[in-house]
Amino acid sequence: MTTDTDESLLGITLETFLLEGMMAARARGRLTSLLNQITLAAKIITGRVRRAGLARALGYTGEINVQGEAVQKLDVFANDTLVASLRRRGHCRGIASEELDQPVTFEEATGDYLVLTDPLDGSSNIDVDISIGTIFGVLRCEPGPGRVPDEAFLQPATELEAAGYVIYGSSTILVLTTGASVHGFTWDPISGEFFLSHENIRCPADGNTYSINEGNAPAWPEAVRHWNAALKAEPSSTLRYVGSLVADAHRTLLRGGIFAYPADTKNPGGKLRLLYEAAPLAKIFEAAGGRASTGRGPISSIQPDSLHQRVPLVLGSRQRVEAYERAMQAR
Ligand code: P6P
């Protein structure tokens, strides 16, 4: 009888998985090293996220901790951790982040990659212990050193070399694609390693769960209201909405169904961000056989025109997303 720890140690760590993938592809190892730096940041962020409530429970103001250090807001902490980790190896020349008005660039870096990230999406949910997540994408760029123009970040999702997210939920899981397939790795708090736990994730072709904030219904376009009403009329339909993108996306990826955050009168261009939310998730869903759409066309083909632009986002089972797109065309 093996204990949990022994069982996970029999598995493949994320680092080993990446190394073996690199050797099989006879790659240079730069992307592998960069992804290992993101993994390191995820381990550090996990530790802080899981203790965050403790500070509040011990009565700290949440601003000054027992050492007299300013306790950073979690999303700023996550951002700074990713920046510090990615600066180290020189493969990443710059990062566009939801937390930064302008990208941070490492002029000394000689590598040829860029990172897009929402360091801690849904961090407002942490106070009530709802799952939150880190989303990331990796693009190619001209090799350094030197300054990186903002335009280098404005590439469609089809250009992503890798994409992934980390969900800080009942367990911490890192989901990653480098294009051909999608795999999930669960963090083991005892060894501190991520172990392969979800090999070759496939998004089911169909699913009865729909995920949308029905509180926004009065602001929806008529076509979305009709689509929603038709779904509710299906006896097998189930509504699940966490209000934390990575949690809703992860459930939809594994179970199938559909997640939608449409444009509405409150958010005419949509609420979610293209570069570091929709695009990496689109890469993941399409690699897993699912689909990612604005409701009128694929997310992947959108040519970004600004760093923080928003888009309507529909993710899920191919059949469900295609039905949504037909419903949008019908009106
Ligand atoms: P609403 C969280 O604030 C977030 O950015 C995403 O994680 C989530 O999908 C969305 O907003 C939820 O928005 O309007 O339903 O609260």
Side-chain angles (χ1 to χ4, degrees), residues 42 45 49 52 73-79 82 96-101 116-137 157 163-170 172-175 203 209-221 224-225 227-228 231-232 238-255 257-285 290-295 299 307-316 320-321 324:
I45 295 166
V49 164
K73 283 185 64 178
L74 274 175
D75 39 15
V76 172
F77 173 81
N79 183 74
L82 279 160
S97 166
E98 182 174 61
E99 294 301 320
L100 302 171
D101 290 344
L116 312 165
T117 185
D118 184 351
L120 204 59
D121 179 80
S123 53
S124 58
N125 292 302
I126 193 88
D127 298 0
V128 291
D129 210 24
I130 287 173
S131 300
I132 53 180
T134 297
I135 306 170
F136 62 89
Y165 60 79
V166 186
I167 178 167
Y168 311 101
S170 49
T172 294
I173 297 175
L174 189 150
V175 172
C203 183
T209 301
Y210 68 103
S211 183
I212 190 169
N213 182 346
E214 293 195 338
N216 293 332
W220 290 340
V224 175
R225 282 201 294 275
W227 166 81
N228 184 250
L231 269 189
K232 293 166 87 84
T238 298
L239 173 62
R240 291 283 184 276
Y241 189 75
V242 180
S244 183
L245 176 58
V246 174
D248 284 317
H250 186 63
R251 181 203 57 249
T252 306
L253 181 69
L254 296 186
R255 295 272 177 84
I258 188 168
F259 165 86
Y261 205 109
D264 59 29
T265 53
K266 294 187 293 184
N267 295 289
K271 176 178 183 182
L272 302 173
R273 310 283 187 171
L274 171 59
L275 271 191
Y276 38 76
E277 291 176 342
L281 291 174
K283 188 76 178 181
I284 291 165
F285 270 80
R291 190 168 171 82
S293 171
T294 62
I299 290 286
L307 288 167
H308 301 289
Q309 80 180 73
R310 300 173 190 265
V311 285
L313 179 60
V314 186
L315 295 168
R320 290 289 174 170
V321 176
Y324 181 98

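Every number for a ligand or one of its atoms is a count from 1 in the order of the listing.
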Can you pull the salt bridge (charged side-chain N to carboxylate O under 4.0 Å, His left out) pairs that have at least one residue in residues 209-218, sequence neighbours excluded?
E214-K232

Just by modelled atom types, is the G257 backbone N or O under 3.5 Å from a matching donor or acceptor in the T209 side chain?
no

Quick one: does any side-chain atom of T117 pair with a main-chain N or O of F136 as donor and acceptor, under 3.5 Å?
no

Could you check whether any side-chain N or O of T134 sits under 3.5 Å from a backbone N or O of P119, counting only pairs where one atom can act as donor and the other as acceptor?
yes

Can you list every side-chain hydrogen bond (donor to acceptor under 3.5 Å, both in side chains) pair that touches residues 272-281, not counting sequence neighbours?
Y276-H308

Residues forming a salt bridge (charged side-chain N to carboxylate O under 4.0 Å, His left out) with R251, sequence neighbours excluded:
D248

Sub-3.5 Å pairs, protein N or O with ligand 1 N or O:
{"residue": "ligand 1", "atom": "7 (O)", "partner": "D121", "partner atom": "OD2", "Å": "2.4"}
{"residue": "ligand 1", "atom": "7 (O)", "partner": "L245", "partner atom": "N", "Å": "2.8"}
{"residue": "ligand 1", "atom": "9 (O)", "partner": "L245", "partner atom": "N", "Å": "3.3"}
{"residue": "ligand 1", "atom": "11 (O)", "partner": "K271", "partner atom": "NZ", "Å": "3.2"}
{"residue": "ligand 1", "atom": "13 (O)", "partner": "K271", "partner atom": "NZ", "Å": "2.9"}
{"residue": "ligand 1", "atom": "14 (O)", "partner": "Y261", "partner atom": "OH", "Å": "2.6"}
{"residue": "ligand 1", "atom": "14 (O)", "partner": "K271", "partner atom": "NZ", "Å": "3.4"}
{"residue": "ligand 1", "atom": "15 (O)", "partner": "N213", "partner atom": "ND2", "Å": "2.9"}
{"residue": "ligand 1", "atom": "15 (O)", "partner": "Y241", "partner atom": "OH", "Å": "2.5"}

